[in-house]
Amino acid sequence: MKTKMMILLILLPLTACTTMMTPQQHQAFARDLAVLKSCDEAGLISPELVAQAMHLYRSRLQNYKYDENIMNKYFENYEKQIHQDLKNSNLCRSYSSYVHSEILDRQQALRNTQEFTQALSNFANTYANSMYQQAQMYNNATQSMMYQTPTITPIQPAYSIQPPQIKTTCMNVGNGMYNCTSKPR
């Protein structure tokens, strides 16, 4: 009963699930937890490693919806087997190696994510700065055009040219269309 309570206390906060766990996954999770618990109780792995393994275990379990009865049944079976196998400490050593490997994999994945995020942030900042500089150049160019445009004074011709006198007649032919003709006066 104490074991079932421990499992329920460990697994209770992990109910934000997304996928239903398969029977094989129930077995794997129960086996990992039984190995962790047994090796911890036997003092064959360090408390720090136990804490890290529990963190890994919980973070993986969050992705699943599982049946507590099935999980407890598998856990109890594995716990009995593992207590018998603990005479050979290779089980805990190999489990420790597995946990260390998982920790290193997660750390590498975190580094990769941070590097990608930083690269994306750098790109976004560079793009934003480039757009800002282009906007500033545009503003400067239009302001200089507005304030530095020379005033043009009309040139007075030495003699006067009269434009031809033309009369234009337009007729509406429908749909906003016009037919226009021009004739000199």
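What you see is a predicted model, and the numbers here were worked out from it, not measured in a lab.
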Are Tyr66 and Met20 close enough that some pair of their side-chain heavy atoms sits under 4.5 Å apart?
no

Side chains of Arg93 and Ile45: does their closest heavy-atom pair fall under 4.5 Å?
no

Pairing donors with acceptors under 3.5 angstrom, does anything connect the side chains of Thr22 and Gln25?
yes

List the residues meeting side chain to side chain donor-acceptor pair (under 3.5 Å) with Gln107, not counting sequence neighbours, and say none if there are none.
none

What residues, two or more places apart in sequence or in another chain, satisfy side chain to side chain donor-acceptor pair (under 3.5 Å) together with Gln52?
none

Please enumerate all residues that pass side chain to side chain donor-acceptor pair (under 3.5 Å) together with Asn112, with sequence neighbours excluded.
Gln108

Regarding Asn72 and Glu68, is there a side-chain donor-to-acceptor distance under 3.5 Å anywhere?
no

Could you walk me through whether Thr19 and Lys65 pass side-chain contact (heavy atoms from CB on, under 4.5 Å), step by step?
CA-CA 6 Å; Thr19 307; Lys65 184 175 182 179; over 6 Å; no

Hey, what else clusters with Phe116 if you join Ile, Leu, Val, Met, Phe, Trp, Tyr whenever side-chain heavy atoms sit under 4.5 Å?
Leu120

Residue pairs fulfilling ring pair (Phe, Tyr, Trp, His ring centres under 6.0 Å) with at least one residue in residues 20-55, sequence neighbours excluded:
Phe29-Tyr57, Phe29-Tyr64

Does this structure show an ion pair linking Lys80 with Glu76, if we count only N-O contacts that are shorter than 4.0 Å?
no

Considering residues at least two apart in sequence or located in another chain, which fulfil the side chain to side chain donor-acceptor pair (under 3.5 Å) criterion with Arg60?
Tyr98, Glu102

Taking atom CD of Glu41 and atom CD1 of Ile82, what is their separation to the nearest 0.5 Å?
11.0 Å

Give a yes or no on this: more than 12 heavy atoms of other residues, nucleotides or ligands lie within 6.0 Å of atom CE of Met171.
no

